Amino acid sequence: MNRSRMRAPLGLALGAALLMTGVAATPSVAAEVSTAPPPGITADRVTNEVDDVVVSAKISLPPGGDVVGSVTGTLAITHNGSSAAMRSGRMTMIDPEGRSLTGAQFVASGTANTWTSTVQLPADVESGTFEVSVNAEIDVTTTDGVVKVPIRTADPVLVPFRAKRNIPLIWTSTSSAPAGSTISVHGAANIRSLGTGDYSPATGQEVKLYFDPSGDAPEVFIDTLTTDDRGYFTTRQKPGASGKWRAEMPMTDTGAKAVWTLTSAERARDTKLREGTVTATAGGFTAGDHLMTHDVVLGLAPVQRRVDVGSLDFTVGGTSGWLSAESRRGEGNFPDGYRVQRDLTHSGLGTSHATFTFNPTLPAGIYDIGIRDEMKACSAPDWDGLEGGTSNCTHNVLVEDPTVTTIVVKRASTTTVTASRTSVPTARTITLSGDVERVQLVSTGGAAIRPAPNVAVKVYFDPAGSAAPVLKQEVTTGSDGTFSTSVRAASSGRWIVKYAGTSLVAPSQAGVNVSVG
């Protein structure tokens, strides 16, 4: 075959081409919504005239992503005779590998003046641009008899048949996390064979990742990822807000567009973020978890602290597992320390959590956070359908570690400060006084707020404007937890007193505004 012959692209006016419909675009494959295929690109009609008999023809082809095993073209004509019949004809195609594929003879479709010809595709056919030709002869009946009118494409029409690609799985680990956490965004992609309709991993495919934060902020592009030999893609991200993730495989010459969106949440926190990871390998498969939580400051009321667990890479938590929290020191009613265990709550693919309750009578200090998670490692998603699945996640791996990360539990403190004068006409000396209190265990076995005697507090002056606070002096509380000191107020600003806390007591501070002039 002469591969250098003239070819007519679909987007141009084709002087002797057929009308092609439904072949130029394939719908996005979105897991949430099934959309109808958009109309295709239209090219010129084939029109032929014999003995004053005029026949105009067009052919329609299915969208490229809907092709499985064969391509059926529909030939429809209009004419100026009284009736018409298909005398002979068929559709032929040249696939992207240069193989000639001959269709069956045109047969009646059940609609007047309309016939179909089906071309069988090889099982190993590749997606890409096909050359489509039609050669038919129409018998048109007129008052003067039957006239034979040939219908032929002068040049083959270039038609893209794009494989249907899909993103059947995407999840974030975890789906809800403390503010500032780094989470994993995972996904899996497949591609459907034109020849057999079977799904297989979409390897080496470009995936664009976007994030649309909640609120008025616009969607932003995050990264371009590439699927691996299993069809997987993954990235570690710090979103900085709740919002919606969108993974998109843009349309290519051979592949249809595919899109999937999902939402992740970020929760507020007011203490230090804690994170840790743990992995284990069994039978050549590795699984792992990423734990996220944050510290605890206790007043007199119990505090609940959620620990989020996200699966690493392409592993998922099993149907059972737990988290543990164990203090490193004993105190009060727990001289040998304290340990608690909570079952994991599985809140979605690849994400779990457990919640611990801390009360002020428990030992303060560092708690080790451990996990036991019976996980499954995935060799590939289930490619048997568009909805995806985890039927190939059958490789059991026990992930277990008592010290994945920590939570630091401190008892609360409060600091107060007042000024002898909050407004002075000119620079002069004023007195700052206040106290420091903290939550502590008491002999009766409970906890109470008590003065903090003999602790250091630092006095800062934060001048009005953009200048940073300046350390002025350090004082120590008395036996009753109070302090008093003289400072010179030379300009307007805020006087701040800070108590640094200890390994068991949280810091606190207070301030008072003083105007000068």
Side-chain angles (χ1 to χ4, degrees), residues 268-272 294-305 327 329 331-334 358-366 407-464 467-516:
R269 65 178 177 88
D270 54 9
T271 53
K272 183 179 178 62
H294 54 107
D295 289 347
V296 175
V297 175
L298 285 169
L300 296 182
V303 172
Q304 290 190 326
R305 182 61 73 238
S327 66
R329 60 185 295 274
E331 188 178 21
N333 297 330
F334 305 95
F358 296 90
N359 66 67
T361 62
L362 292 178
I366 298 174
I407 286 179
V408 177
V409 177
K410 294 186 177 184
R411 298 189 178 93
S413 70
T414 57
T415 297
T416 65
V417 63
T418 60
S420 58
R421 297 187 64 176
T422 58
S423 178
V424 293
T426 59
R428 66 182 58 189
T429 298
I430 61 173
T431 300
L432 301 177
S433 57
D435 68 353
V436 179
E437 295 182 325
R438 60 192 175 195
V439 175
Q440 65 183 53
L441 299 182
V442 296
S443 58
T444 57
I449 298 175
R450 294 286 188 265
N454 306 313
V455 298
V457 295
K458 293 182 177 180
V459 180
Y460 294 82
F461 178 65
D462 186 3
V470 178
L471 176 63
K472 292 296 186 179
Q473 57 180 271
E474 182 175 311
V475 296
T476 302
T477 62
S479 59
D480 59 355
T482 64
F483 65 88
S484 180
T485 186
S486 297
V487 296
R488 182 166 178 78
S491 60
S492 297
R494 184 170 181 81
W495 290 90
I496 303 171
V497 176
K498 296 183 179 182
Y499 166 56
T502 68
S503 61
L504 305 179
V505 180
S508 58
Q509 66 179 51
V512 60
N513 293 323
V514 176
S515 61
V516 178

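These values consider heavy atoms only, across backbone and side chains, with no hydrogens, waters or symmetry-generated copies. Predicted, not measured: the structure shown is a model, and the values here were computed from it.
Paired with Phe483 under the rule side-chain contact (heavy atoms from CB on, under 4.5 Å), one option of Val459, Val455, Val497 passes, and it is Val497.
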Kindly determine whether Trp495 and Val487 satisfy side chain to side chain contact (heavy atoms under 4.5 Å, CB included), including the steps that lead there.
CA-CA 9 Å; Trp495 290 90; Val487 296; 3.7 Å; yes
Kindly determine whether Lys272 and Val408 satisfy side chain to side chain contact (heavy atoms under 4.5 Å, CB included), including the steps that lead there.
CA-CA 9 Å; Lys272 183 179 178 62; Val408 177; over 6 Å; no
Side chain to side chain contact (heavy atoms under 4.5 Å, CB included) between Lys410 and Val505, intermediate numbers included:
CA-CA 5 Å; Lys410 294 186 177 184; Val505 180; 5.8 Å; no
Go through Leu298 and Val439 one step at a time and tell me if the side chain to side chain contact (heavy atoms under 4.5 Å, CB included) criterion holds.
CA-CA 8 Å; Leu298 285 169; Val439 175; over 6 Å; no
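Taking CD of Gln473 as the reference point, atom OH of Tyr460 lies at 12.0 Å (rounded to 0.5 Å). Residue Thr418 holds its OG1 atom at 10.0 Å from CD1 of Ile430, rounded to the nearest 0.5 Å. Tyr499 contributes atom OH, which lies 13.0 Å from atom NZ of Lys458 (distance to the nearest 0.5 angstrom). Put simply, CZ on Arg438 and OG1 on Thr502 are 7.0 Å apart, with the number rounded to the nearest 0.5 Å. Annotation: the span from Leu504 atom CG to Arg329 atom CZ amounts to 4.5 Å, rounded to 0.5 Å.
Using modelled atom types, one side-chain atom of Arg411 and one backbone atom of Pro360 make a donor-acceptor pair closer than 3.5 Å. When atom types are taken as modelled, the side chain of Arg305 and the backbone of His294 share a donor-acceptor pair closer than 3.5 angstrom. Listed for the Arg428 side chain is no donor-acceptor partner under 3.5 Å among the backbone atoms of Ala489. Using modelled atom types, one side-chain atom of Ser492 and one backbone atom of Val516 make a donor-acceptor pair closer than 3.5 Å. Panel note: side chain Glu437, backbone Thr416; no donor-acceptor pair is recorded below 3.5 Å. Looking at Thr477, its side chain does come within 3.5 Å of a backbone N or O of Asn454 through a donor-acceptor pair. Side chain of Gln509 to main chain of Ile496: no donor-acceptor pair is present (N/O by atom type, distance under 3.5 Å, no hydrogens or angles).
Closest approach of Pro507 to Ala500, counting heavy atoms only: CB-O, 3.5 Å. Here the closest heavy-atom approach between residue Ser486 and residue Thr431 is recorded as OG-OG1, 4.0 Å. Pro453 and Ser479 get closest at one heavy-atom pair: CB-O, 3.4 Å. Among all heavy-atom pairs drawn from Val296 and Phe358, the shortest one is CG2-CD1, 4.0 Å. Nearest heavy atom pair, residue Leu441 against residue Glu331, reads CD1-CG, 3.5 Å. Nearest heavy-atom pair across Gly445 and Asn333 is O-ND2, 3.3 Å.
Side-chain polar atoms of Ser423 and Ser515 form a donor-acceptor pair below 3.5 angstrom. No hydrogens or angles considered: a donor-acceptor pair under 3.5 Å links the side chains of Thr415 and Ser508.
Side-chain contact between Pro451 and Asp435: absent, with no pair of heavy atoms (C-beta onward) separated by less than 4.5 Å.
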